[in-house]
Amino acid sequence: MNPSILSSERVTSVNVAKEAERLFRSEHRLVCTRTDRLFAILMSLQWPAAVAAALLISSRTWVGGTSSVHPHLIAAVYLGGLITVPPVLLAFFRPGERYTRHIIAACQMLMSGLLIHVSGGRIETHFHVFGSLAFLAFYLDWEVLATATLVTLVDHLAMGYYLPASIFGTATASHWRLLEHVLWVVFFDIFLITSCVQGLKWLHAVARREADQELLLYQAYHDALTGLGNRLQIQKLMGELLMPGSKEPRPFALMAIDLDRFKEVNDTLGHQVGDELLRQVSQRLMAQIRKNDTLVRMGGDEFALVLDGCTSARVAESIAGRMVESLNKPFSLGDHTARIGASIGICLHLDEGQDATDLFHHADLALYKVKNSGRNSFMVFDENMRAETLHQMSMEHRLRSAVLENQMHLHYQPIVSTEGRLLGFEALLRWNDAVHGDVSPVDFIPLAEKTGLIIPLGAWVLQQACSQAAQWHRTGNKLMKMSVNVSSIQLAHKDFVTTVLTALKETGLPAELLDLELTESALIQQHDSSYESLHLLRRFGVKLSIDDFGTGYSSLSYLRDLPVHTLKIDRAFVKDIEISPESRTLVEGMIDMAHTLHLRVVAEGVENRKQMEILVEAGCDEIQGFHISKAVPADDARRFINVSHGEPEIKAMAGAAKVRGLAEVLAR
Ligand SMILES: Nc1nc2c(ncn2[C@@H]2O[C@@H]3COP(=O)(O)O[C@H]4[C@@H](O)[C@H](n5cnc6c(=O)[nH]c(N)nc65)O[C@@H]4COP(=O)(O)O[C@H]3[C@H]2O)c(=O)[nH]1
């Protein structure tokens, strides 16, 4: 494998045609460089050969003259040097350059001419010229052959015809021989140029094949969307880093990175926006790491990072912190702006004995812990995490089976007016697991949200609660409302409105009797489409309550923008209302504000008579809490209904006391 394919500079620019051209040029340059060197050697041999030939000829032909040195010898020494030195220097100092090969070609042909001349034609013309041309064909450059041919013809015309005996004393060629020679050169040249073109074609084909192979290799090791490496690349890298038998263990840190809320963006704004978001995420992450760190996209919204040579948890944490911070900044995606977060699990490889699977598992366990602790943060794996996380994983597994096999059930907590009239119920999920026993929704709802199980589970709750309320409605309790908790994930889901309307249609429950409870924090995470869903449902008559009011977001603008019907004051404010004047003032303020906005107010978590009295005095409209009743199974809820209907004195008593709860009434 060509390791260059894995380098990040090349990652974004792979384009087969361009890559083939680049490879061709580099291969061709290599061919030319080698041929330059070959000619440097050849020419350095030809110069002494020319001098030797001149010596030989001068010893035979020079029978006495004014000068003691034969002109052939002078030509061989000086002209030979002049012809040899520049190309040899160029071949060594500027190999592979275009002008180098042209100068070499010209000088080589001049040298051929010189050799023929100084040897008085004894060195066979055809042999030497054709030999030189044949060698020049190694350049795979027909222009070089053209240069060589031109120089040969000029040289032969000049030296062989126009300046024959005047310089060397002997004519080197007859007219006919010269013509024959020129024809041979042209003929041979055509043959060489043809083979040269074939050679070039072959070199192009080789380069194209290599580029194709590179592309295949690139695709195998890279993620097409982001240009980052992929799962295979990190596995390969980890295999190299953990190579058994390597002399020194190579320390490194592995990070498992998951984007928070990516799915919501992808589902609500579409896949193209999701793709763009992933591209921008990868750029931001790349900006936080060094060149020899390896960031890959494992698939979906999961990334992994290897920090080669990292031995310190503190360093890894600071890099993870920077990454989380950079991903918290808003993303500009065409017409939209999105905010996401990231959860990062880190594990360090400091000694031998761990394999890649262990390390990925540890990083995943740490990641899992981060996600369960509220996301958008990072954690380094430690051994204590293992048992806790495995417990969580088992919960997740069992929750999945419980949801898919319909092992959950609903309890109903009554909601009453301050006069003690039963107004309806809040449906609350219950899960009794064979292994984990009774699991609180406070624990399993976040798990269901995290795993996406909240979608089928929430749909089931809606269906079940509506069906129960419709049944009570049919048996004469016409105004019994049913409150159902809705998670932010459900609200953001594209099928949310359909799910609600289907539940109403299939069960026959009038829409006005369904009250959807959303927390403030759930509302604040929503996009425009969720707000549209709520307005649409309101138009059908469905009511909307703000649950846990006062605990969430500080801006109250959603009260203006949404068709809210009821505020449910969180039990944290009600809890010590009878002992804390501050809590009392706060609750009074909330009730006043709600009434100014024409909203009804439900106080949650009312546990005693004193609390109820204070709330009634403050003008609260509805009461819910253990003082009235805990959430009970449907059959017990039915008893409440019967009592509230069948016994007129309840109303009278509750009305008289203004504060009497159903629990008290039932206890009598
Ligand atoms: N200490 C105290 N607690 C009281 C009192 N009266 C009621 N509660 C508890 O307060 C919670 C009220 O529900 P929530 O605020 O909607 O809070 C709910 C709701 O956010 C979530 N949840 C429950 N069922 C569902 C569901 O079907 N779907 C969704 N999305 N969330 C649900 O789980 C949360 C907790 O539910 P639960 O454990 O059933 O706890 C219930 C209820 O049992 C009281 O007087 N004192």
Side-chain angles (χ1 to χ4, degrees), residues 399 402-403 406-416 424-432 437-469 481-493 496 499-500 503 514-523 525 544-552 566-578 602-612 614-615 620 622-634 636-637 640 661-664:
L399 175 67
V403 172
N406 263 343
Q407 291 167 7
M408 302 258 174
H409 56 280
L410 290 183
H411 278 187
Y412 301 92
Q413 186 174 35
I415 302 170
V416 298
F425 292 90
E426 177 177 358
L428 291 161
L429 252 178
R430 295 293 175 257
W431 177 30
N432 180 265
D438 275 333
V439 189
S440 162
V442 176
D443 295 324
F444 72 77
I445 291 289
L447 204 56
E449 288 179 334
K450 196 195 78 182
T451 51
L453 285 168
I454 194 71
I455 300 298
L457 184 59
W460 179 83
V461 170
L462 268 165
Q463 186 75 24
Q464 199 68 13
C466 289
S467 155
Q468 186 60 77
K481 72 169 174 179
M482 178 60 77
S483 298
V484 177
N485 286 287
V486 172
S487 131
S488 62
I489 313 275
Q490 282 173 272
L491 178 58
H493 197 264
F496 177 63
T499 309
V500 176
L514 177 63
D515 187 354
L516 299 179
E517 291 192 7
L518 281 151
T519 60
E520 284 185 299
S521 43
L523 282 173
Q525 293 167 17
L544 174 65
S545 294
I546 304 300
D547 202 4
D548 304 341
F549 183 71
T551 57
T566 308
L567 288 192
K568 295 188 80 174
I569 299 177
D570 189 66
R571 65 172 181 270
F573 297 99
V574 176
K575 195 166 56 117
D576 47 7
I577 195 171
E578 70 275 33
V602 180
E604 290 187 289
V606 181
E607 293 187 344
N608 58 51
R609 188 192 175 105
K610 184 77 188 147
Q611 289 173 344
M612 195 158 162
I614 295 169
L615 288 162
C620 185
E622 300 175 21
I623 304 289
Q624 185 182 349
F626 292 170
H627 181 57
I628 312 297
S629 167
K630 292 195 171 186
V632 293
D636 293 345
F640 277 102
L662 273 177
E664 263 177 64

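One-based numbering, in listed order, for ligands and for the atoms of each. It should be emphasised that the depicted structure is a prediction, and the values quoted were computed from it without experimental measurement.
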Is a side-chain donor or acceptor of [X] paired with a backbone partner of [Y] at a separation under 3.5 angstrom?
{"X": "Glu578", "Y": "Ile614", "result": "no"}
{"X": "Gln413", "Y": "Ser629", "result": "yes"}
{"X": "Gln611", "Y": "Glu607", "result": "yes"}

For this session: State whether any protein heavy atom lies less than 4.0 Å from atom 40 (O) of ligand 1.
Result: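 When distances to the protein are checked, atom 40 (O) of ligand 1 has no heavy atom within 4.0 Å.
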Exercise. Would you verify that at least one protein heavy atom lies under 4.0 Å from atom 6 (N) of ligand 1, or report that none does?
Key: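 Given the 4.0 Å cut-off, atom 6 (N) of ligand 1 counts as touching protein heavy atoms.
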[X] contact mode with ligand 1 (heavy-atom cut-off under 4.0 Å):
{"X": "Glu426", "value": "side chain"}
{"X": "Ile445", "value": "side chain"}
{"X": "Asp570", "value": "neither"}
{"X": "Leu410", "value": "neither"}
{"X": "His411", "value": "neither"}
{"X": "Arg571", "value": "side chain"}
{"X": "Gln624", "value": "neither"}
{"X": "Leu429", "value": "both"}

- Query: Between CG of Leu516 and CD1 of Ile546, what distance do you get to the nearest 0.5 Å?
  - Reply: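 The CD1 atom of Ile546 is 10.5 Å from CG of Leu516, to the nearest 0.5 Å.
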Show the atoms of ligand 1 that are less than 4.0 angstrom away from any heavy atom in Ser487.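 So the answer, numbered in order with elements, is 30 (N).
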Check each atom of ligand 1 against the heavy atoms of Glu607 and keep those under 4.0 Å away; list them by number with element.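 That gives atoms 1 (N), 2 (C), 44 (C), 45 (O), 46 (N) of ligand 1.
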- Consider every N or O of Gln413 and every N or O of ligand 1, then say whether any pair is closer than 3.5 Å.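 Yes; the residue has a nitrogen or oxygen that sits under 3.5 Å from a nitrogen or oxygen of the ligand.
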Evaluate Val461 for polar contact with ligand 1, using N/O atom pairs at a separation under 3.5 Å.
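No, there is no polar N/O contact under 3.5 Å.
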Identify the protein heavy atom lying closest to [atom], giving its residue, its atom name and the separation to 0.1 Å.
{"atom": "atom 37 (P) of ligand 1", "answer": "Pro441 CG, 3.6 Å"}
{"atom": "atom 45 (O) of ligand 1", "answer": "Phe626 N, 2.8 Å"}
{"atom": "atom 17 (O) of ligand 1", "answer": "Asp547 OD2, 4.5 Å"}
{"atom": "atom 43 (O) of ligand 1", "answer": "Arg430 NH2, 3.8 Å"}
{"atom": "atom 12 (C) of ligand 1", "answer": "Glu604 OE2, 4.0 Å"}

Could you list the residues that satisfy ring pair (Phe, Tyr, Trp, His ring centres under 6.0 Å) with Trp431, not counting sequence neighbours?
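Residues passing ring pair (Phe, Tyr, Trp, His ring centres under 6.0 Å) with Trp431: Phe444.
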Do Asp548 and Thr519 have side-chain N/O donor and acceptor atoms under 3.5 Å apart?
->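 The criterion, which ignores hydrogens and geometry beyond distance, is not satisfied for Thr519 and Asp548.
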Salt bridge (Lys or Arg N to Asp or Glu O under 4.0 Å) involving Glu517 - partner list, sequence neighbours excluded: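 Salt bridge (Lys or Arg N to Asp or Glu O under 4.0 Å) list for Glu517, sorted by chain: Lys568.
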#### Entry: Ile577/Val606 under side chain to side chain contact (heavy atoms under 4.5 Å, CB included): CA gap, chis, key distance, verdict
CA-CA 10 Å; Ile577 195 171; Val606 181; over 6 Å; no
Practice problem: Under the side chain to side chain contact (heavy atoms under 4.5 Å, CB included) rule, what do Phe640 and Val416 come out as? Steps first, then yes or no, please. | Solution: CA-CA 11 Å; Phe640 277 102; Val416 298; over 6 Å; no
(message) Looking at non-hydrogen atoms alone, which of Thr519, Asn485, Ile489, Leu462 comes nearest to atom 30 (N) of ligand 1?
(response)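 Shortest heavy-atom distance from atom 30 (N) of ligand 1: Asn485.
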